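What you are looking at is a predicted structure, and each value in this text was computed from that prediction instead of being measured.
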Amino acid sequence: MSLSLQSSPSSFLSSSLPKLRLGFPNGCPSSSLLFKFNASFPAIRASSGFSSSLDTGLRTELDAVSTFSEIVPDTVIFDDFEKFPPTAATVSSSLLLGILSLPDTIFRNAVDMALADSTCSRLDNPELRLVCFFNKALVNVGGDLAKLVPGRVSTEVDARLAYDTHGIIRRVHDLLKLYNEIDVPPERLLFKIPSTWQGIEASRLLESEGIQTHLTFVYSFAQAAAAAQAGASVIQIFVGRVRDWARNHSGDPEIEAAIQRGEDPGLGLVTKAYNYIHKYGHKSKLMAAAVRNKQDLFSLLGVDYIIAPLKILQSLKESITAPDEKYSYIRRLSPQSAANHDFTAEELTKWDQLSLASAMGPASMQLLAAGLEGYVNQANRVEELLDKIWPPPNV
């Protein structure tokens, strides 16, 4: 979530900082995921720390694309900070699983301190006690991350609350209170909420309080438009997941219409959402995630943020272009092109729970359900592990 980098690595990360390699236990979405940074203000700008184009008269593809969109590394380990220094971070159940799987990481103390929290320990109800430990661990790790990155920290809101608007709001207020106790100000924070109708409504109410939200699991135009109407600070669309669904399934009207227009359904969704946000003056920033190759990235130039895998970033950084080369990078998305996009009356509806439910096709419904299931499984696993190691030794 998350999103622009203009600091050199040494400005916020000491070279003596221990390396962190997070390995995830079986059942996590990706055993190779080491550290995830999903939201960032500011994002990576290739002109700062990535090349010496001013000295050589050359520039990299990363320099070129960074003039159009803010490019954010998808996965980062501390070994990669000098090459691709993150400016923002996401703290999640997935990250907690990684920390809990290793006894010696720089964040393990943050989790141990959560388990030693007397407020949580005094709770008689075991379920409430585990939720308390979980929240405290998220915030302690988030507080540590806030010291390492200059941008915002996006904190995952429990996916088990995805269909409970007031439960989401209460959880965000609880997390904010904990962050306040460790002196992390609200402007450094985003709260990552699934884009169910209840999540979108929670985002609307939280944003009205000045609390920044990051809506994720957006797989349809209706979700994106409803999120924009809610005033979400960041809206995250997963390009590759939409494309994967289209390759293996059929029967989704929105996807079939995009294919009939000759569009990639994932790229088309980002374009349409961007045009809607900019044509109608919504404040939301749009983040394109699950970008699979450089062509995806080139096709999205102009979108606010692009989350790119490290292999794509490395390829962009290693590809040099001379000033007189005729190869040009074209801005595909812009407020000017958005102004010329025509929307149907149905697309311009004021979204509510019923209209959103009827507009979401099988792709967005299935992908949203799969994403929530993964998050819920991770959260349950974190609580199981916390329960096994509580109380910690010598506490």
Side-chain angles (χ1 to χ4, degrees), residues 1-3 39 68-70 193-197 199-204 207-208 212-243 245-246 252-291 296 299-307 331-361 363-365 367-368:
M1 308 192 328
S2 199
L3 316 176
F68 299 103
S69 297
E70 295 183 1
I193 300 169
S195 293
T196 59
W197 169 254
I200 292 169
E201 182 67 2
S203 172
R204 182 183 70 80
E207 292 281 352
S208 72
Q212 300 174 106
T213 60
H214 169 185
L215 284 174
T216 189
F217 295 151
V218 174
Y219 300 107
S220 65
F221 173 75
Q223 286 176 290
Q229 290 180 5
S233 295
V234 177
I235 299 171
Q236 185 173 355
I237 294 176
F238 294 86
V239 175
R241 295 183 193 177
V242 174
R243 178 189 301 142
W245 192 96
D252 187 288
E254 184 174 346
I255 286 179
E256 291 182 354
I259 293 173
Q260 289 175 3
R261 292 192 298 268
E263 296 177 354
D264 175 277
L267 297 174
L269 175 57
V270 173
T271 300
K272 191 173 184 179
Y274 176 94
N275 290 341
Y276 178 83
I277 289 168
H278 285 269
K279 182 168 185 173
Y280 297 105
H282 296 289
K283 75 168 191 177
S284 304
K285 301 296 184 182
L286 190 61
M287 175 186 289
V291 171
D296 279 351
S299 299
L300 293 169
L301 291 181
V303 73
D304 300 291
Y305 313 114
I306 301 175
I307 299 180
R331 180 168 185 164
R332 305 290 182 176
L333 307 178
S334 69
Q336 292 74 27
S337 62
N340 296 323
H341 188 93
D342 292 325
F343 291 90
T344 67
E346 291 78 11
E347 291 168 341
L348 296 179
T349 187
K350 175 64 177 175
W351 295 97
D352 58 24
Q353 185 171 4
L354 290 177
S355 61
L356 181 67
S358 63
M360 287 178 62
S364 55
M365 293 176 66
L367 289 168
L368 174 61

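Distance check: Ile306 CD1 to Leu301 CG gives 5.5 Å after rounding to the nearest 0.5 Å.
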Q: Take His341 and Tyr276 through the ring pair (Phe, Tyr, Trp, His ring centres under 6.0 Å) test and state the conclusion after the steps.
A: CA-CA 8 Å; His341 188 93; Tyr276 178 83; 9.7 Å; no

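Legend: residues meeting salt bridge (charged side-chain N to carboxylate O under 4.0 Å, His left out) with Lys283, ordered by chain and number and at least two apart, are Glu207. Contacts of Pro253 classified as side chain to side chain contact (heavy atoms under 4.5 Å, CB included), with partners at least two apart in sequence or in another chain: Pro362. Judged as a side chain to side chain contact (heavy atoms under 4.5 Å, CB included), and not counting sequence neighbours, the contacts of Ser299 are Leu267, Gln295. Qualifying salt bridge (charged side-chain N to carboxylate O under 4.0 Å, His left out) partners for Arg204, counting only residues two or more places apart in sequence or in other chains: Glu201. Under the salt bridge (charged side-chain N to carboxylate O under 4.0 Å, His left out) criterion, Glu263 pairs with Arg261, not counting sequence neighbours. Among residues two or more places apart in sequence or in another chain, the side chain to side chain contact (heavy atoms under 4.5 Å, CB included) test is passed with Glu256 by Ser250. For Ser195, the side chain to side chain contact (heavy atoms under 4.5 Å, CB included) partners two or more places apart in sequence, or in a different chain, are Ile200, Leu215, Val218, Gln223.
With hydrogens and angles disregarded, a donor-acceptor distance shorter than 3.5 Å links the side chain of Gln229 to the backbone of Trp351.
Listed by first and then second residue, the ring pair (Phe, Tyr, Trp, His ring centres under 6.0 Å) pairs involving residues 255-275 are Tyr274-His278 (not counting sequence neighbours). Applying the salt bridge (Lys or Arg N to Asp or Glu O under 4.0 Å) rule to pairs touching residues 215-235 yields nothing, sequence neighbours excluded. Among pairs with a residue in residues 347-357, those fulfilling salt bridge (Lys or Arg N to Asp or Glu O under 4.0 Å) read Lys272-Glu347, at least two apart in sequence or across chains.
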